[in-house]
Each structure stands twice: as C-alpha cells, then as structure tokens.
Amino acid sequence: VSEGPTSGPAIPDAFRARGQGQVFRFFDELPPAEQAALVAQAQGIDLDLLKRLSAQASGGDSALPTLAPFTPITRDSPELDTAVATGRDLLDEGKVGFFTVAGGQGTRLGYDGPKGCYPLPVPSRMPLFAWFAECVRAASRRHRTKLPWVIMVSAANEEVTLDHFCAHDWFGLEGSVRFVRQRMLPAVDDDGRILLASRSSIALSPNGHGGSIDALADGGALQWFEECGVEVVSYFQVDNPLLNPADPAFLGFHRLGGWEMGAKVVLKSHPLERAGVVALADGKPAIVEYTELPEDLARATDAGGRLLYGLGNIAAHTLSMSFLRRMAGAGLPYHVARKKIPTLDASGEPLTVMGRKFETFIFDAIPAAEGFFAFLTERSEEFAPLKNAKGDDSPETVARALENRTREWFRRAGKPLDPGRAVPEITPFVAYDFDTFLLALPGLTASGGI
Ligand code: UD1
C-alpha cells in the first residue's frame, strides 16, 4: 500500500497515538471480517511518510526552478534515417518492451470503469486495451518476434481489468502480456487526517504513474523484461489511441544517443493546453507539469512568436532497462493534488470534502537520467488523448483525429478519399503508422470499397 508498513500489535492504538484515531471511529460496531479488513488496510500505511507529505503540502508551494527552453530532436534531423534503421534493429532483435500505465481512475471521463475498457469512438467500438493489444500484435508480426507488454493497474481497477482481458482471451497475447500493480496512498484532509471511504475502509488512491518503476520491479516484470532480452522500454499512457508505441525513429534515437530516457513531444496547441512541457529546470532537462507552470511563462514567446515552453508532453517515453533498475526503489518526489473526496462525517453520513492526494510522476525521473532527449512528433499523427466526456480531449475530438489521420494517410499514399465518403476504420492491426499503412494499402484497395 505504501512505502513501509506501520508495525505493532495494536494498529488502532498506534493510529490513535499518531492523531489518526478517526480511522477507527466506527471500528467497534463493525463485524469481525470488516474489522480485519480495515486493520489490514491500515497496516500498510506508512504514517511517517504521510506526516511528511502533509507537512510538505501545508508548507506552501515550493520555489519554481529557473526555467530555460529545451531543444528537441525533430524528424528533419540529418540522422533520421540512421535512427529509423537502428530502431528497426532494436525491434527486430526483440529488444523493445511495451509498458502501459493504466492504473488511474479516469474520473474526468465520467466512465465507471478502467479507462482501458472504454470503447473508442470508432465504428467497431474497440476498447482502448484491445486497440493497444492490436498495436503489440502488429508490431510483433512486423518485426517477426514476440514483443512483451506490461500493463500497470491499481487496486482501484485491477480486478475489472483482468476480467476484461480474460473475457477477450488476452487479446491473443497470452504469455506475452503481464500486469503489475501500483501502490496506493490514503487521501487526507487539510489537517493531514486520513479520510475514510466507508465505515470500514480508508480512502485510498493510486500513488501516481511515478509508482510504475517500483511496480515493475515489485511485480517481477523488470526481471521478465530482462529475461525477454529487452533493452529499451516504450512507455505510454492508455488514453492516447493515436500513439505509435513501436516508432523506430524514437527508439533509434534513444539507442544512437546512448540516452537513458526520452520523451515524445508535440507543439502545444495553445499556451494553456493541459500538457506538461519539456524545459531546462535549473539547467537540467525536466518536464514541468501544466499545473505547476505559471501562466506568464506558459504564454511567453520568442522573437518569432513561438512559445518558449511549447514542447507538450504526450507521456510517451523511452527508458533504458539499466535506468529502470537504478531507479527502482530510489523514490520520486511527491506532488500534492487538492481534490474533492467523498468521505463520511463523524456520524457516518456521506459528505464530500476538499482534501489532498499525493502522487509521483514518471517524468520526475528525467533529471536523474544520464542523458535525456525530447523527440518532436506531429500532433495529427500521434496525439489525441481521451480525458473528458465533452469538449477538448473527448470522444468527439478523438474520433475526428483518427479520421483525419486516416484521410491524410490515403492522401499521402496518392489515393485521396472522396471528401463526401465515410472514412474507413483502420485499426492498429491493419496499420499503426504510415509505413505499415503503405504495406497494408494494396490489400485495402483490393478488398474493394476504397
Ligand atoms: C498527463 C501528464 C501531462 C501530459 C498529459 C498528456 C501527468 C501528471 N501529467 O496529464 O504532463 O501532458 O498526460 O496526455 O501525468 N495513471 C496511473 N496511475 C496513477 C495515475 C495515473 O496509471 O496513479 C495513468 C492513467 O491511467 C493515465 C495516465 O497515467 O493513463 C495519465 O493520468 P492523467 O491523470 O490522465 O494525467 P493528465 O493530467 O491528463
């Protein structure tokens, strides 16, 4: 559940002694099984860590580092062809492992289930997990190898996610897909008191995707990747169906540069887009989260009118295995989020309070990497995340982005689609980038209708 368990025979007493007695407020009236469950939950909580985090949260905002712009590698690089060849070698040699983080709760999307099970706004209504499973299968087929895939879940969605995979026969990937579980942390009120979710359970939430490095190590997946011969891990979020996780250029630049970590970026669509930005922070490469970037800096431009901090993080990273090994257990800094948290009042009635959740972010590993690069890609090719039920980054915008990309692929291939006709659905097993699209095109046109 957290960094280190609180030990001792009398957990309720230990909590009372630390000013957290409210966790056991309803204890005496609970049936024995629920008492045991609550004690088991409490046992996993590191009260020292929580105290430190609450003190950090009350200490006000920490000083912002001095920022400077960062220069990315682009697809115009003279080394592009070498990078693509290098990346293809890595894939052909089976030295790439995929890693999807899918432990979050997807609250903003208003979907009552793991985001990965959300049906995409495409004619087949294919869920995100199935979509990425097709990517993994298609990349494995293309590179004539079995590329391993690890998915991070959390206690909040593990069961439903595993049931989903089981019900779909592991999307044809049995034996080459594994799950790891991230840790959970309690939510607290503004005074640092742990909140209850019910009379017999604590309000726990996933510890952020920074927890993914420890989850890989704890769950044995790091070792599994090693046994599979993985050299570079291609990390991505479950919410961006346009992403190509098997991009030879991105993987190739990683190997060519001898870097330990990379980030794919797109130019921000507007200064206040909700995307972290790659920058130099106190002289070191970093990603500054959008919630932590002051508005004047978010809007600052150079003489040509370009945003100084315009390299938007699309949360797709390359990570060397040796770096993951070194970072396992190293700990990343915690960020505090103020959120509405459903809980109970002293008499057990439900209410919602503003409280605090603590999360670590994977990109906080960047400053520790010996070598980091950012790779600029096209938004229209690779970024349309599913975050909200309506408006920006919603099913509607994702559907449009997928259609536009397909239309563009046909145009680039010299077979433009008639503007009036419906755009055919191209799922990743057919094509997951323009190269694979070109390979698939003869079959697509031969099957008629196009
Ligand atoms: C995230 C990035 C932001 C980036 C944007 C691009 C963070 C903190 N910020 O923002 O810099 O520009 O995506 O789309 O991530 N997840 C877990 N476990 C957790 C928390 C999250 O697995 O404990 C997973 C989620 O399932 C999801 C992903 O991480 O796949 C992103 O989480 P989300 O909260 O949606 O991040 P954003 O605020 O959208």
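Remember, it's 1-based here, ligands and their atoms both numbered in the order they're listed.
Summary of contacts: the protein heavy atom closest to atom 32 (O) of ligand 1 is Q237 OE1, 4.3 Å. When hydrogens are left out, the protein atom nearest atom 33 (P) of ligand 1 is R108 NH2, 4.1 Å; that is the closest non-hydrogen contact. Nearest protein neighbour of atom 3 (C) of ligand 1, counting heavy atoms only, is E289 OE1, 3.5 Å.
Taking the six-membered ring for Trp, F132 and F98 have ring centres at least 6.0 Å apart. The distance between the ring centers of H317 and F250 does not fall below 6.0 angstrom.
Using a cutoff of 4.0 Å between basic side-chain nitrogens and carboxylate oxygens, E425 and R125 are not scored as salt-bridged. The pair K264-D247 meets the salt-bridge criterion, since a charged nitrogen lies less than 4.0 angstrom from a carboxylate oxygen.
With distances taken over non-hydrogen atoms, the option nearest atom 5 (C) of ligand 1 out of K387, R183, K115 is K387.
Using a 4.0 Å heavy-atom cutoff, S154 is absent from the residues neighbouring ligand 1.
Ligand 1 has a nitrogen or oxygen under 3.5 angstrom from a nitrogen or oxygen of G208. Checked against a 3.5 angstrom limit, the closest N/O atoms of A275 and ligand 1 fall outside it. The shortest N or O to N or O distance between P385 and ligand 1 is not below 3.5 Å. For ligand 1, one of its N or O atoms has an N or O atom of G276 under 3.5 Å away.
Neither the backbone nor the side chain of F236 has any atom closer than 4.0 Å to an atom of ligand 1 (non-hydrogen atoms only).
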